[in-house]
Amino acid sequence: MAIREAEPVGSLSEVKEAGLDREDLLGIYRNMVITRGIEERGHILYKQGKIPGSFYTGRGNEASAVGVATAMGTDDVGTPLHRDMGVHVARGVEPWRVFAQYMGRSDGPTRGRDGNVHMADSNLGMIAMVSHLPAMLPVAVGCALAFRIRGENRVAVGWYGEGASARGDTHEAMNFAGVRQLPVVFICDNNQWAYSTPTHLEYACEHLADRAQAYGFDGVVVDGTDVLAVYREAKRAVEKARSGGGPTLIESLTLRMEGHAVHDDAFYVPKEMFEEWAKNDPIERFRTWLQEHAELTGDEEDEISAGVKKLLNEALSRAEESPLPEPAKLTEGVFASPEDLDTPHHK
Ligand SMILES: Cc1ncc(C[n+]2csc(CCOP(=O)(O)OP(=O)(O)O)c2C)c(N)n1
Ligand SMILES: [Mg+2]
């Protein structure tokens with residue numbers, strides 16, 4: 001085995017050294033609870049017939065998504081995927097806009113042009129995915145190249161799934177990033193399934209992070225249910241990239257705790273696997289850590305869950321009030337014109 005396996009996070013002092021105070025920790029916990037809450041409500045909306053198409057969830061991936069996003073700087077950019085609702089939440093997308101997106105309303109990030117998962121708020125440093133197999137890795141690498149050319153001290157973060165690792169664009173992105181030592185961090189959400197395909201039919205190496213060495217940069221495997229370990233590794237990788245140290249590949253290991261999307265009941269995943277991984281639920285795990293290491297009280301916990309419930313109830317009502325887009329204007333805002341691209345790179 002070539003790569004490093006990240007240690008789990010231990011004490012509060014270790015976490016403080018990594019730059020997080022108690023308020024930050026509670027904020028991370030809250031973001032994870034919001035993330036799950038959005039996805040649980042998405043299931044209900046779908047069953048009520050209010051969501052056309054499907055609804056994708058990242059149950060089991062909340063720690064990974066929120067942990068990485070918390071480690072990014074404000075000016076950094078990322079390309080989160082369908083398992084990474086926590087990235088949108090942690091970067092400040094208001095939940096009502098996510099519901100509006102899924103219901104195809106004009107206040108969603110795509111203003112009703114896509115009633116689905118291809119969303120991102122570019123004002124918050126995110127680029128919407130066009131597909132995820134893994135079309136966004138070359139985009140993230142392109143951002144990193146642009147930062148280098150413009151002399152900007154920014155980092156790009158690109159997500160992909162372990163199934164997507166089998167496709168050629170993963171190789172092209174990583175090879176180019178390694179050759180140029182670009183400021184990019186690759187996050188492999190390894191949730192052990194690509195739709196119904198298990199990992200032994202996807203790759204033959206032990207860890208996908210092993211491949212980093214072949215591209216000329218560091219790889220690390222982290223337990224994706226341990227939010228603080230994810231944060232620590234992501235922070236390290238982001239700062240390394242920012243200071244000219246080149247890319248890092250972080251393989252974040254989880255289990256996709258639901259079907260590919262709400263239309264899929266995941267009948268092909270062995271029951272024992274779900275039972276085993278349910279013991280490591282990222283939210284419960286972090287709650288226990290906070291109780292043991294940061295004196296989280298029952299009152300604080302109740303306050304957070306009541307606050308999130310209120311936030312999401314209001315978000316749902318607000319999203320339902322958002323109008324559907326006007327049919328006559330549907331083609332507006334779909335393509336960028338050269339005038340829209342007001343960046344030094346495009347001039
Ligand atoms: C080129 C292409 N083929 C198939 C699909 C349909 N599809 C979307 S996600 C996915 C599975 C991806 O698995 P993985 O990369 O492990 O990500 P996960 O969904 O498990 O997070 C498939 C088959 C697609 N979007 N694009
Ligand atoms: Mg997968």
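Values in this document were obtained by computation on a predicted structure and should not be read as measured data.
- V262 and F267 fall into different hydrophobic clusters, where Ile, Leu, Val, Met, Phe, Trp and Tyr side chains are chained together by heavy-atom contacts under 4.5 Å.
- Atom CD of E14 is surrounded by more than 12 heavy atoms from other residues, nucleotides or ligands within 6.0 Å.
- Using modelled atom types, one side-chain atom of Y231 and one backbone atom of A18 make a donor-acceptor pair closer than 3.5 Å.
- Classification of R59 and E40 as a salt-bridged pair holds, one side-chain N sitting under 4.0 Å from a carboxylate O.
- The main-chain N or O of S106 is never found under 3.5 Å from a side-chain atom of R111 such that the two would form a donor-acceptor pair.
- Using a distance-only test at 3.5 Å, with no hydrogens or angles considered, no donor-acceptor pair links the side chain of E251 to the main chain of G219.
- Residue R180 places its CZ atom among 12 or fewer non-hydrogen atoms of other residues, nucleotides or ligands, all under 6.0 Å distant.
- Heavy atoms from other residues, nucleotides or ligands lying under 6.0 Å from CD of Q48 number more than 12.
- Without hydrogens or angle criteria, E39 side chain to G58 main chain gives a donor-acceptor distance under 3.5 Å.
- Checked by atom type and distance alone, the side chain of S322 pairs as donor or acceptor with a backbone atom of D107 at under 3.5 Å.
- A parallel orientation is assigned to the rings of F217 and Y215, their planes being inclined by less than 30° (bins at 30° and 60°).
- Distance alone, capped at 3.5 Å, places no donor-acceptor pair between the Q213 side chain and the D210 backbone.
- For the residue pair N175/H171, the side-chain donor-acceptor check at 3.5 Å is not satisfied.
- The shortest heavy-atom contact between R91 and A69 is CG-CB, 4.4 Å.
- Put simply, OG on S252 and CG on L208 are 12.0 Å apart, with the number rounded to the nearest 0.5 Å.
- When every heavy atom of A144 is checked against every heavy atom of V184, the shortest pair comes out as CB-CB, 3.9 Å.
- Taking 4.5 Å as the limit, every side-chain heavy atom of E320 sits out of range of all side-chain heavy atoms of F99.
- One finds the CD atom of E303 at 9.5 Å from the CG atom of L26 (value rounded to the nearest 0.5 Å).
- Under the 4.5 Å side-chain heavy-atom criterion for Ile, Leu, Val, Met, Phe, Trp and Tyr, Y46 and M85 are members of the same hydrophobic cluster.
- With N61 as reference, D84 is the one residue of N191, D84, T35 to meet the side-chain hydrogen bond (donor to acceptor under 3.5 Å, both in side chains) rule.
- The closest side-chain heavy-atom distance from M257 to W277 is below 4.5 Å.
- Side-chain atoms of Y29 and R287 include a donor-acceptor pair closer than 3.5 Å.
- Ring geometry, Y268 versus Y195: the interplanar angle falls from 30° to 60°, so the pair is classed tilted.
- Cluster membership for Y102 and L45, using ILVMFWY side-chain heavy atoms within less than 4.5 angstrom, is shared.
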Which is it for E162 and Y203 under the side-chain contact (heavy atoms from CB on, under 4.5 Å) test, yes or no, and what are the steps along the way? CA-CA 8 Å; E162 89 296 333; Y203 55 87; 4.0 Å; yes
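- Contact check for V222 versus L253: no side-chain heavy atoms found under the 4.5 Å cut-off.
- Put simply, the side chain of R113 never gets that close to the backbone of T331: no donor and acceptor are under 3.5 Å apart.
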Just do the side-chain contact (heavy atoms from CB on, under 4.5 Å) check on I149 and L145 with the steps written out, would you? CA-CA 6 Å; I149 291 169; L145 179 64; 3.9 Å; yes
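- Side-chain contact between W289 and D226 is absent, with no heavy-atom pair separated by less than 4.5 Å.
- For the residue pair A140 and A156, the shortest heavy atom distance occurs at O-CB, 3.3 Å.
- Of the possible donor and acceptor atoms, one in the side chain of R242 sits under 3.5 Å from a partner among the backbone N and O of N153.
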Residue pair E5, V220: steps toward the side-chain contact (heavy atoms from CB on, under 4.5 Å) verdict: CA-CA 6 Å; E5 288 193 60; V220 58; over 6 Å; no
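- Taking the centre of each ring, H263 and F55 stay at or above the 6.0 Å mark.
- Under a cut-off of 6.0 angstrom, the local environment of CD in E275 is crowded, with over 12 non-hydrogen atoms contributed by other residues, nucleotides or ligands.
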Step-by-step side-chain contact (heavy atoms from CB on, under 4.5 Å) determination, F147 to D75: CA-CA 11 Å; F147 299 155; D75 292 335; over 6 Å; no
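- In this structure, D189 CG and L81 CG are separated by 6.5 Å, a value rounded to the nearest 0.5 Å.
- Side-chain contact annotation: S165 with E202, donor-acceptor N/O pair under 3.5 Å absent.
- Counting only heavy atoms from C-beta outward, the side chains of V89 and P95 never approach each other to under 4.5 Å.
- A 4.5 Å side-chain heavy-atom check between T197 and W193 finds every atom pair outside the cut-off.
- With no hydrogens or angles considered, a side-chain donor-acceptor pair links D223 and T225 at under 3.5 Å.
- V117 and W96 fall into different hydrophobic clusters, defined by Ile, Leu, Val, Met, Phe, Trp and Tyr side-chain heavy atoms under 4.5 Å apart, directly or through other members.
- Between N31 and A90 the shortest heavy-atom distance is ND2-CA, 3.7 Å.
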Can you check salt bridge (charged side-chain N to carboxylate O under 4.0 Å, His left out) on E314 and R318, steps first, answer last? CA-CA 6 Å; E314 288 170 4; R318 191 167 171 193; over 6 Å; no
Determine, step by step, whether K309 and D302 satisfy the salt bridge (charged side-chain N to carboxylate O under 4.0 Å, His left out) criterion, reporting the C-alpha distance in whole Å, the side-chain angles of both residues, the deciding distance to 0.1 Å, and the verdict. CA-CA 10 Å; K309 203 169 172 189; D302 292 347; over 6 Å; no
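- Atom CZ of R285 is separated from atom CE of M32 by 10.0 Å, given to the nearest 0.5 angstrom.
- Contact check on E300 versus R22 returns a salt bridge, with a Lys/Arg side-chain nitrogen under 4.0 Å from an Asp/Glu carboxylate oxygen.
- Cluster annotation: I34 and L316 are assigned to the same hydrophobic cluster (Ile/Leu/Val/Met/Phe/Trp/Tyr, side-chain heavy-atom contacts under 4.5 Å, transitive).
- In this structure, P80 and I127 approach most closely via the heavy-atom pair CD-O, 4.3 Å.
- Ring pair H118/H82: centre-to-centre distance not below 6.0 Å.
- Electrostatic pairing of R4 and E233 counts as a salt bridge here, judged by a charged N lying under 4.0 Å from a carboxylate O.
- Put simply, OG1 on T199 and CG on N190 are 6.5 Å apart, with the number rounded to the nearest 0.5 Å.
- A 4.5 Å side-chain heavy-atom check between L249 and V185 finds every atom pair outside the cut-off.
- Counting only heavy atoms from C-beta outward, the side chains of H43 and E258 approach each other to under 4.5 Å.
- In this structure a side-chain-to-backbone donor-acceptor pair under 3.5 Å is missing from E239 to R236.
- Atoms CD1 and CD, on I28 and E23 in that order, are 11.5 Å from each other to the nearest 0.5 Å.
- For the pair E62 (side chain) and G60 (backbone), a donor-acceptor distance under 3.5 Å is present.
- In terms of heavy-atom proximity, A177 sits nearest to P247 at O-CG, 3.5 Å.
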